[in-house]
A.B. asks: 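Dropping the structure in here first, questions after.
Note that this is a predicted model, so its numbers are computed, not measured. One-based numbering along the sequence shown.
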Amino acid sequence: MNPAQIKLVQESFAKVAPISETAAVLFYDRLFEVAPQVKAMFPSDMTEQRKKLMATLAFVVNGLGNLESILPAASALATRHVSYGAKKEHYPVVGGALLWTLEKGLGDAWTPDLADAWTTAYGTLSGFMISEAYGRAQAAE
């Protein structure tokens, strides 16, 4: 990611943070709509899960300027996701739900440049997490 993309992601997330509960509901509703099979991996009461999602996003977004600082936590998260039943093919679905949520939450502020920045950020992080969870060969597939 280049510095301009990092700035776009961080500034846009600052606009989403005040509506974090709504954004998290939108995200999981969208995820379960497009991938209903993953719903079984989550608790029936999603309150804490939604908080965890937004806290993790905040941590990652804030750390984009120093990617190495967030990689240990991302590695641990990737490993935990495997224990929950997450598979490599879930990552693009989650990314799609995240981008959809951001587009809905940001409205007119969602631009092609912002979409590209978020796509790059998610691709970078998810590629690393896939590599950590399933090995480098699967991350390249």
A.B. asks: Measure across Pro18 and Ala14 and return the closest heavy-atom pair with its distance rounded to 0.1 Å.
C.D. replies: CD-O, 3.1 Å

A.B. asks: Using a 3.5 Å cut-off and no angle test, enumerate the donor-acceptor pairs between side-chain atoms of residues 96-113 and protein atoms at least two apart in sequence or in another chain.
C.D. replies:
from	atom 1	to	atom 2	distance (Å)
Thr101	OG1	Phe27	N	3.4
Thr101	OG1	Ala97	O	2.7
Thr111	OG1	Leu114	N	3.1

A.B. asks: Partners of Phe32 by ring pair (Phe, Tyr, Trp, His ring centres under 6.0 Å), sequence neighbours excluded?
C.D. replies: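 Only Tyr28, Phe42 meet the ring pair (Phe, Tyr, Trp, His ring centres under 6.0 Å) criterion with Phe32.
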
A.B. asks: Which atoms form the tightest heavy-atom contact between Met41 and Ala86, and what is the distance?
C.D. replies: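 Closest approach of Met41 to Ala86: SD-N, 3.8 Å.
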
A.B. asks: Taking the six-membered ring for Trp, are Tyr134 and Tyr91 parallel (under 30°), tilted (30 to 60°) or perpendicular (over 60°)?
C.D. replies: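 Answer is perpendicular, since the angle exceeds 60°.
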
A.B. asks: For the atom pair CE (Met129) and OG (Ser131), what is the distance rounded to the nearest 0.5 Å?
C.D. replies: 11.5 Å

A.B. asks: Please give me the minimum heavy-atom distance between Phe128 and Ser75, naming the atom from each residue.
C.D. replies: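 Scanning both residues, the minimum pair turns out to be CE2-N, 3.8 Å.
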
A.B. asks: Please evaluate residues His90 and Val38 with respect to the criterion side-chain contact (heavy atoms from CB on, under 4.5 Å), reporting the C-alpha separation (whole Å), side-chain torsions for both, the decisive distance (0.1 Å), and the verdict.
C.D. replies: CA-CA 8 Å; His90 293 140; Val38 304; 3.6 Å; yes

A.B. asks: Heavy atoms only: give me the nearest Ala133-Ala78 pair and the separation to one decimal.
C.D. replies: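 Closest pair (atom of Ala133, atom of Ala78, distance): CB-O, 3.8 Å.
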
A.B. asks: Quick one: CE on Met46 to NZ on Lys51, what's the gap to the nearest 0.5 Å?
C.D. replies: 13.0 Å

A.B. asks: Determine, stepwise, if the pair Val93 / Glu89 fulfils side-chain contact (heavy atoms from CB on, under 4.5 Å).
C.D. replies: CA-CA 7 Å; Val93 177; Glu89 56 268 20; over 6 Å; no

A.B. asks: Return the OG1 to CD distance between Thr79 and Glu132, rounded to the nearest 0.5 Å.
C.D. replies: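 Answer for the OG1-CD pair, Thr79 versus Glu132, is 7.0 Å.
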
A.B. asks: With a 3.5 Å distance limit and no angle check, can you tell me whether Thr119 reaches the backbone of Ala115 through a side-chain donor-acceptor pair?
C.D. replies: yes

A.B. asks: Can you give the donor-acceptor pairs under 3.5 Å from side chains of residues 54-66 to other protein atoms, not counting sequence neighbours?
C.D. replies:
from	atom 1	to	atom 2	distance (Å)
Thr56	OG1	Lys52	O	2.8
Asn62	ND2	Ala58	O	3.0

A.B. asks: Does Leu26 form a side-chain contact (heavy atoms from CB on, under 4.5 Å) with Arg30? I'd like the steps, not just the answer.
C.D. replies: CA-CA 6 Å; Leu26 281 172; Arg30 179 66 174 178; over 6 Å; no

A.B. asks: Are Val94 and Val82 joined in one hydrophobic group, where the rule is that I, L, V, M, F, W and Y side chains link up if heavy atoms are under 4.5 Å apart?
C.D. replies: yes

A.B. asks: Mind checking the CD1-NZ spacing from Ile130 to Lys88? Nearest 0.5 Å is all I need.
C.D. replies: 6.5 Å

A.B. asks: Does some side-chain heavy atom of Leu8 sit less than 4.5 Å from a side-chain heavy atom of Trp118?
C.D. replies: no

